[in-house]
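Below, chains carry the letters A, B, ... as their sequence lines are ordered, and counting in each starts from 1. Note that the structure is predicted; figures quoted are calculated from it, not measured. Side chains included, hydrogens not; waters and symmetry mates left out as well; all remaining heavy atoms used.
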2 protein chains.
Amino acid sequence: MKRPTLKDLADALDLTESTVSRALNGYADISAKTIERVQSTARELGYKPNQNARRLATGVAEAVAFIIPQNHSSIAEPFVSQMLQGLDESMAQRGWDLLVSHSLAAEDEAQTIHRLITSGRVSGVVLSRPFRHDARIDLLQQSGFPFVVHGRSAKSDSYAWFDIDNEQAFESAAAHLISLGHHRIGFVGAALYFNFAYQRLEGYKRGLHEAGLAYDESLVRVTELSDDAGERAAIDLLNLADPPTAILCVSDTLACGVLAGIRAQGLVAGKHVSVIGYDGLKIGRHTNPPLTTMSQPLAQSGRKLGDMLLAIIDGEDPTKHQVLKRAELVIRNSDGPVWAQQHH
Amino acid sequence: MKRPTLKDLADALDLTESTVSRALNGYADISAKTIERVQSTARELGYKPNQNARRLATGVAEAVAFIIPQNHSSIAEPFVSQMLQGLDESMAQRGWDLLVSHSLAAEDEAQTIHRLITSGRVSGVVLSRPFRHDARIDLLQQSGFPFVVHGRSAKSDSYAWFDIDNEQAFESAAAHLISLGHHRIGFVGAALYFNFAYQRLEGYKRGLHEAGLAYDESLVRVTELSDDAGERAAIDLLNLADPPTAILCVSDTLACGVLAGIRAQGLVAGKHVSVIGYDGLKIGRHTNPPLTTMSQPLAQSGRKLGDMLLAIIDGEDPTKHQVLKRAELVIRNSDGPVWAQQHH
DNA sequence: TGCTATACCGAAACCGCTTTCGAAAGCAAA
DNA sequence: TTTGCTTTCGAAAGCGGTTTCGGTATAGCA
């Protein structure tokens, strides 16, 4: 009835626990014959090592945690699950556990991290949506705990990360819009303590600058990452005396709201005003109109992050694991040449 | 540098490990004064019990697993993350871990379950999207392992579950359509080994029956749960000699595809043909046209499931934990009265 | 045949915490 | 002061593995 223990196995084989243990773990000082014998009866007895015992003995947790970004449930949706999928693949392959964790109401995220790394439950963590100056990263670094981050903070030279070149992405998105004739381009972004939001704004500015266009602060809106916020921002922008003819959004969720805002003003996106989102969510194919967006390889990111983390736990140098990918513009129908009527 | 152990604490306090342990765990045979003393120096030394050791000693894993439904990444997206959010809240409150797990490529889900419950890593699991006849549930039941399921299988009397009344939902959705004058209603469903798909089909049938309408098998399509599949099914349905004037879908993802299919046929949803989805995803507000759908309380489900599981692990009778909620019809713009032209 | 390497396995300590059991100390009642 | 409980702790045995350190056979070699 109860699960067989190492001792049961040893008794059945007429060996000692230590021998059986080493046989199972592939030590060199056990004869091939014995190993075979041990493995086969282990199988037939259905022996599974007790993970807690083994973890206690070895001191390694054989588990990593994914810190769920808090207070951003709407944006987190597609994000989290895709990341998780990849991470899990990576961990499963090694037989490790993946546990998810978000902050308790009473504590901040730094405390969450602290609790996690001092509990001995995990041997590494993956962070996402880092802030520009991120206390969690500082904490992790000075404690020497293995971690990787999806995205990066302002100074990112000394830890492992996987990121998309946000500046490049938004620079090229802006360039695309400019090539369509737009020169008043709005920007709907998120709080700048999110480094991705900051970087994307920088990219946008650079795109304007490259084209010799002036940066006009009145065309940028910083909001929370929800569709409703996007809608409000769009309406706001469109009611300007000299409204933008195109709007760049830092997320697809936001862009959905912007599309709604444009409709609410009686205009049609892709015709009267262009909009470009970011994330490349599949759902963008079904919006009205289908959303042009910058697509990032979310699916693989998780997998890659997991592999990186494992390598770091194995002792590799974190700074050897810094990968920067490019987002790719997928053009659907929410962008187009600047609306001619506008000028009459 | 190293984390303080129980022994360190005991030495510092000039007590034994056992006393300190009991003091920390609120045993009655420790004086209030000692407890206070122990707690305060524990705090100042930053003592955190080693979870693995404690789990080994107590035999309880203090963790539960969420089995990620496999091969349905597209549908799983909003689903998984919302569920996780609630589950995590429930576990965090108790200081337990939540780990996610999906099947390795090489094994089926029953094996995954088996591996999980024999590894000692978790003391309970939550399953989602159960099949009508689900080997995983059978396995779990006969092994006596604590579990809860989101949804339920065909015979669900002897375990704990949280479900939406799918039959009722689709019956009322059908009734709604019928009240709008539709009497040729298509159904785009998923493989019937998914019990939710089966139940929804039954509900659809019952809705027709209640209204005295005959069930016409040529109007139902069984596909995978993706937008593309939905689009194909819709086009297929619309090309029938006597096409449906409304289409019911078992998921919002599918419904998105159906909307696309309708557009592809040069028709407009909500006018020429009505469509109703299921899930209540926020994104449905941004489709073209905004999707009318049956909304389920995904957010709370996770939380509720977690609490149920914890109660069961504590020894409560699983059959006391069976809750059935209702979905609610949220009307947006993809439904409407039957298109008059159709009859001329 | 005798001696030293080598291959294989057993003994035992340890990982850090929990929990039962019994002993000492304290206190009240007698 | 002695008896009889209580209260409060300490001792010790696990929980189920891992790993170092030796100790036998056995084999290799002269």
Side-chain angles (χ1 to χ4, degrees), chain A residues 1-39 41-42 45-63 95-97 117-123, chain B residues 1-39 41-42 45-63 95-97 117-123:
Chain A
M1 199 67 267
K2 269 190 53 43
R3 297 170 40 199
T5 71
L6 200 58
K7 184 170 184 344
D8 298 331
L9 232 192
D11 289 349
L13 284 160
D14 205 30
L15 289 172
T16 32
E17 301 177 39
S18 63
T19 304
V20 175
S21 171
R22 280 175 324 205
L24 255 18
N25 291 321
Y27 274 57
D29 64 345
I30 303 290
S31 70
K33 189 170 59 221
T34 305
I35 290 187
E36 174 52 39
R37 211 160 63 88
V38 170
Q39 286 180 338
T41 72
L45 258 58
Y47 170 77
K48 303 274 179 182
N50 178 311
Q51 300 288 342
N52 294 321
R54 117 183 291 268
R55 289 172 186 181
L56 174 57
T58 60
V60 349
E62 296 194 343
W96 282 33
D97 291 339
I117 67 184
T118 57
S119 74
R121 293 181 298 186
V122 297
S123 25
Chain B
M1 198 69 263
K2 268 189 53 46
R3 295 170 41 198
T5 73
L6 200 58
K7 184 167 183 343
D8 298 331
L9 232 191
D11 288 349
L13 284 159
D14 205 30
L15 289 173
T16 21
E17 301 178 40
S18 63
T19 303
V20 175
S21 170
R22 283 181 326 225
L24 254 19
N25 291 320
Y27 275 58
D29 65 344
I30 303 291
S31 71
K33 188 171 60 224
T34 305
I35 291 188
E36 173 51 39
R37 212 160 61 89
V38 170
Q39 286 180 338
T41 72
L45 259 60
Y47 171 77
K48 303 274 181 183
N50 178 312
Q51 300 286 341
N52 295 320
R54 120 182 290 268
R55 289 172 187 179
L56 174 58
T58 60
V60 349
E62 297 194 344
W96 282 34
D97 290 340
I117 69 184
T118 58
S119 73
R121 293 181 298 185
V122 297
S123 26

Sequence neighbours excluded, the answer for side-chain hydrogen bond (donor to acceptor under 3.5 Å, both in side chains) partners of B:Thr58 is none
For B:Arg55, the side-chain hydrogen bond (donor to acceptor under 3.5 Å, both in side chains) test, sequence neighbours excluded, returns B:Asp97
Can you list everything that forms a salt bridge (charged side-chain N to carboxylate O under 4.0 Å, His left out) with [X]? Sequence neighbours excluded, please.
X	result
A:Asp8	none
B:Glu17	none
B:Asp14	none

Separation of [X] atom [atom1] from [N] atom [atom2], in whole Å?
X	N	atom1	atom2	value
B:Ile30	D:dT6	CD1	P	18 Å
A:Ile35	C:dA7	CD1	C1'	12 Å
A:Leu15	C:dC8	CG	P	13 Å
A:Leu9	C:dG10	CG	P	13 Å
B:Leu6	C:dC14	CG	C1'	16 Å
B:Leu56	C:dC14	CG	C1'	12 Å
A:Lys7	C:dA12	NZ	P	14 Å
A:Lys33	C:dC8	NZ	C1'	10 Å

Holding to side chain to side chain contact (heavy atoms under 4.5 Å, CB included), I want the full list of residues that pass it with [X], two or more places apart in sequence or in another chain.
X	value
A:Gln39	A:Leu24, A:Ile35, A:Glu36, A:Arg43
B:Ala53	A:Leu56, B:Asn50
B:Ser21	B:Leu6, B:Asn25
B:Thr34	B:Leu15, B:Ile30, B:Ser31, B:Val38

Near DNA chain C, under 4.0 Å by heavy atom, which residues of residues 46-54 of chain B? B:Tyr47, B:Lys48, B:Pro49, B:Asn50, B:Ala53, B:Arg54
Classify B:Thr16 by what it touches in the nucleic acid, base, sugar-phosphate, or nothing, heavy-atom distance under 4.0 Å. base
Would you give a per-nucleotide map of nucleotides 19-27 of chain C, 5' to 3', where B means the base has a protein non-hydrogen atom under 4.0 Å away, S means only the sugar-phosphate does, and - means neither? BBB------
Closest non-hydrogen atom pair, A:Arg3 against A:Lys48: NH2-O, 3.0 Å
Taking every heavy atom of A:Ala61 against every heavy atom of A:Gly120, the minimum-distance pair comes out as CB-O, 3.6 Å
Determine to 10° how strongly the helix from C:dT1-D:dA30 to C:dA30-D:dT1 is bent, judged from the axes of its five-pair ends. 50°
